[in-house]
Amino acid sequence: MAGGLERVYGTEEDKVNCSFYIKIGACRYENKCQRIHSIPPISQTILFKHMYQNSPMEVAIASGNAVSQAGIEEALEKFENFYEDVFLKLAEFGEIEDLIVCENIGDHLVGNVYVKYTSELFAESCFNALQNLSYENRPLQMEYSPVLDFSSAKCKQYIDGTCQRGGACNYLHLKKISTKFKKSLFNQMYEEHPEYREKKEKEVSEKSPKKNKKKEKKSKKKKSSSRESSRRNSIERQKMINDWNETGIQNVSQAQKMMYGNNMPAPVYTPKVSMKTSPELLQLQLQLAALKEQLAAIKMS
């Protein structure tokens, strides 16, 4: 009997506990859910509900709408400032394993921030220290989360660029962050808190002493470039912008197919606006777009 309960716990077959809450740490039905949301008394992961405030530009990106490159750059700049500020603050309480921010725009996921520490003791230290505090004049809404494996909480279709639900998806759509920039923050965490690295190296040496001796003989690696360089001069950053544009186009196309089927209207031309676009040229582009829309409407009638 007990083995059967363990097998179905947290799955769709579990009629008592909410599988979505166990897997995602949030449920769209929230308090109205007919199944139990068991908040753990302690966990390595803390959820900060609705901590990140999306700008209208970021909501447009999450919804799959067409956004100018300048708009995407502005959104990335805002998010990276937030990520750096929060990461370094949370690192004061213990070694961070990962920090993720939701791009979803559903009421139960919008602006959610998850931090996973390497131990429950670090998480408890953070949880106790931040009680009754605010961020940007908004009270922090914290709770321990059952999510310990973010890979099962992430939307696989979003990662592949095929999710048709966009920002309304109930699986996690994570805000993109440069790997190089994120690595630089981890490096700073270990520089400011060398005890974290020493603890990790001690654990590794206890598990594999031979490998540790070889590492000691090697020279120390050079320090990574500054975070400012990682953020603004990264090829990966430009790739993220291109991916956002492509994902937006795919989401709009898929939504149109679902709505119109075989009677899908002709694509509407949307002018690309950049910092170099003159007002006169932009006006001509908009006029051309209006004419093409009229022609498409005539063909459908």
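Leu148 belongs to no hydrophobic cluster with other residues, because no ILVMFWY side-chain heavy atom falls under 4.5 Å from its own, directly or through intermediates. In the hydrophobic clustering, where aliphatic and aromatic side chains (Ile, Leu, Val, Met, Phe, Trp, Tyr) are joined below 4.5 Å either directly or transitively, Tyr21 groups with Ile39.
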Donor-acceptor pairs under 3.5 angstrom involving side-chain atoms of residues 119-128: please list them, not counting sequence neighbours.
residue: Ser119; atom: OG; partner: Leu121; partner atom: N; Å: 3.4
residue: Ser119; atom: OG; partner: Phe122; partner atom: N; Å: 3.3
residue: Asn128; atom: ND2; partner: Glu124; partner atom: O; Å: 3.2

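For Ile36, the side chain to side chain contact (heavy atoms under 4.5 Å, CB included) partners are Val16, Asn17, Ser38, not counting sequence neighbours. Residues that satisfy the ring pair (Phe, Tyr, Trp, His ring centres under 6.0 Å) test with Tyr83, not counting sequence neighbours, are Phe79. Shown here are the side chain to side chain contact (heavy atoms under 4.5 Å, CB included) partners of Gln157, two or more places apart in sequence or in another chain: Cys155, Thr162, Cys163. Under the rule for a side chain to side chain donor-acceptor pair (under 3.5 Å), the partners of Tyr52 that lie at least two apart in sequence or sit in another chain are Glu58, Lys78. With sequence neighbours excluded, the residues forming a side chain to side chain donor-acceptor pair (under 3.5 Å) with Lys89 are Glu92, listed by chain and number. Scored by the side chain to side chain donor-acceptor pair (under 3.5 Å) test, Lys156 finds no partners at all (sequence neighbours excluded). Considering only residues two or more places apart in sequence or on other chains, Glu97 meets the side chain to side chain contact (heavy atoms under 4.5 Å, CB included) condition with Gln44, Lys116, Thr118. Asp149 meets the side chain to side chain contact (heavy atoms under 4.5 Å, CB included) test with Ser151, Ser152; sequence neighbours excluded. Remark: Phe93 pairs with no residue by the ring pair (Phe, Tyr, Trp, His ring centres under 6.0 Å) rule, at least two apart or across chains.
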